[in-house]
Amino acid sequence: AYEIGPIECAYCGNTTPFTVVAEDYSALMTHEFEYQTPLGVVEDSVQRGWVHRMLICSVCKRASFDRVFTHDGEPEEVELLYPQPILIPDGLPDRVAKEYGDALKERRRNPNGYAALLGRVLDAACTDKGIPSHKDGRPIFLGKRLEMLVAQEGLAKVEGATGLRNVAAHADLGGLVSEDIPYLEALARYILDHLYVIPAINQRAVATQKARSSVTSGR
């Protein structure tokens, strides 16, 4: 065993040292070759491939798994395999992306905290699309803002998102368990996908198609 880091734990969110407790070298490949020198032909070899590792967080003690691509023992690339790294989808405005990233960091730690933070993501999306947050000096709460957003953008109704978020954010209403989270996630992603992600992907696809067409027509 040996220590690496500090790196960010995908479970507890702390940036801390990790202990490598197991390694698997079975994916390494040995490549043999020859080269000419003034003294004649010399045979040599090099080892390249992935080393799979099991890591233990020094704070929460949970196990993560990654792999390191090595060239003769020198690391060239590291990839986290489990838990899956936090990925922010394409097309989100900076404010919405930040709120979504903050929410995802809480996903594995606290279902209620994660759900409450998804409410902040939806609030940020409403603000980005010009949905007012106050009227006559009084706040407009998320449920009403989402109704206005849905009507403005032509989306399906998503009132269930507000209900789940309210349960998560208010202790007197009880609390969510991990099995409840996919429902709220799906509704939040529906909004983000239709407002930002799908338009961004389509824009890239159109740009790619135009670029390919121009190359083809120029031949």
Side-chain angles (χ1 to χ4, degrees), residues 1-109 114 121 182 185 189 192-193 196-219:
Y2 61 93
E3 192 173 278
I4 62 171
I7 56 179
E8 183 176 351
C9 179
Y11 292 109
C12 67
N14 289 289
T15 300
T16 184
F18 278 66
T19 301
V20 179
V21 296
E23 293 179 303
D24 176 15
Y25 293 89
S26 61
L28 286 180
M29 301 285 291
T30 299
H31 304 277
E32 298 180 347
F33 57 93
E34 298 178 344
Y35 61 92
Q36 185 71 40
T37 74
L39 300 178
V41 176
V42 175
E43 296 181 350
D44 203 348
S45 65
V46 63
Q47 269 197 331
R48 290 175 60 83
W50 292 100
V51 177
H52 293 77
R53 307 187 299 185
M54 178 179 178
L55 320 171
I56 301 297
C57 172
S58 61
V59 175
C60 70
K61 308 303 181 183
R62 299 181 74 177
S64 299
F65 298 86
D66 71 1
R67 63 178 187 170
V68 182
F69 191 85
T70 65
H71 176 90
D72 262 0
E74 292 296 323
E76 295 184 351
E77 180 183 351
V78 180
E79 179 184 355
L80 180 65
L81 300 176
Y82 185 85
Q84 292 183 335
I86 293 174
L87 297 176
I88 307 299
D90 289 340
L92 300 188
D94 290 345
R95 169 73 186 283
V96 179
K98 180 185 181 305
E99 295 289 354
Y100 193 48
D102 290 344
L104 289 175
K105 290 179 181 179
E106 197 69 19
R107 188 182 191 278
R108 299 183 182 96
R109 293 185 288 187
Y114 174 52
V121 176
E185 280 183 322
R189 279 305 303 258
L192 297 179
D193 284 349
Y196 306 112
V197 180
I198 293 174
I201 292 173
N202 182 63
Q203 188 174 23
R204 290 189 179 184
V206 170
T208 299
Q209 182 270 327
K210 288 182 178 179
R212 297 283 171 83
S213 297
S214 64
V215 170
T216 303
S217 63
R219 289 179 178 175

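We count residues from 1, following the sequence as given. This structure is a prediction, so every number in the text was calculated from the model and none was measured.
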Partner residues of E8 under the side-chain hydrogen bond (donor to acceptor under 3.5 Å, both in side chains) criterion, sequence neighbours left out: none
Pairs involving residues 9-19, ordered by first then second residue, that meet salt bridge (charged side-chain N to carboxylate O under 4.0 Å, His left out) (sequence neighbours left out): none
Which residues share a side-chain hydrogen bond (donor to acceptor under 3.5 Å, both in side chains) with T208, sequence neighbours left out: none
Verdict with reasoning, T37 to Y35, per side chain to side chain contact (heavy atoms under 4.5 Å, CB included): CA-CA 7 Å; T37 74; Y35 61 92; 3.5 Å; yes
Summary of ring-ring contact (aromatic ring centres under 6.0 Å, His included) pairs that have at least one residue in residues 45-81, sequence neighbours excluded: W50-F69
Pairs flagged by side chain to side chain donor-acceptor pair (under 3.5 Å) wherever residues 9-21 is involved - sequence neighbours left out: T16-S58
Within residues 50-60 or reaching into it, pairs that qualify as salt bridge (charged side-chain N to carboxylate O under 4.0 Å, His left out) - sequence neighbours excluded: R53-D66
Pairs meeting criterion salt bridge (charged side-chain N to carboxylate O under 4.0 Å, His left out) with involvement of residues 22-41, two or more places apart: none
Neighbour count above 12 (heavy atom, 6.0 Å) for E3 CD: yes
Listed partners of R62 passing side-chain hydrogen bond (donor to acceptor under 3.5 Å, both in side chains), at least two apart: none
Between SG on residue C12 and CD on residue E106, distance to nearest 0.5 Å: 11.0 Å
Residue pairs passing the side chain to side chain donor-acceptor pair (under 3.5 Å) test where at least one lies in residues 94-104, sequence neighbours excluded: R95-E99, K98-D102, E99-R120
Check residues 39-46 and write down every donor-acceptor pair under 3.5 Å in which the side-chain atom is one partner and the other belongs to a residue at least two apart or another chain.
none

Inter-residue atom distance C9.SG - K61.NZ, 0.5 Å rounding: 11.0 Å
Smallest separation among heavy atoms of S64 and L80, with atom names: CB-CD1, 4.4 Å
N202: side-chain hydrogen bond (donor to acceptor under 3.5 Å, both in side chains) partners, not counting sequence neighbours: none
For residues 82-93, which side-chain donor-acceptor pairs fall under 3.5 Å, sequence neighbours excluded?
| from | atom 1 | to | atom 2 | distance (Å) |
| --- | --- | --- | --- | --- |
| D90 | OD2 | R204 | NH1 | 3.1 |

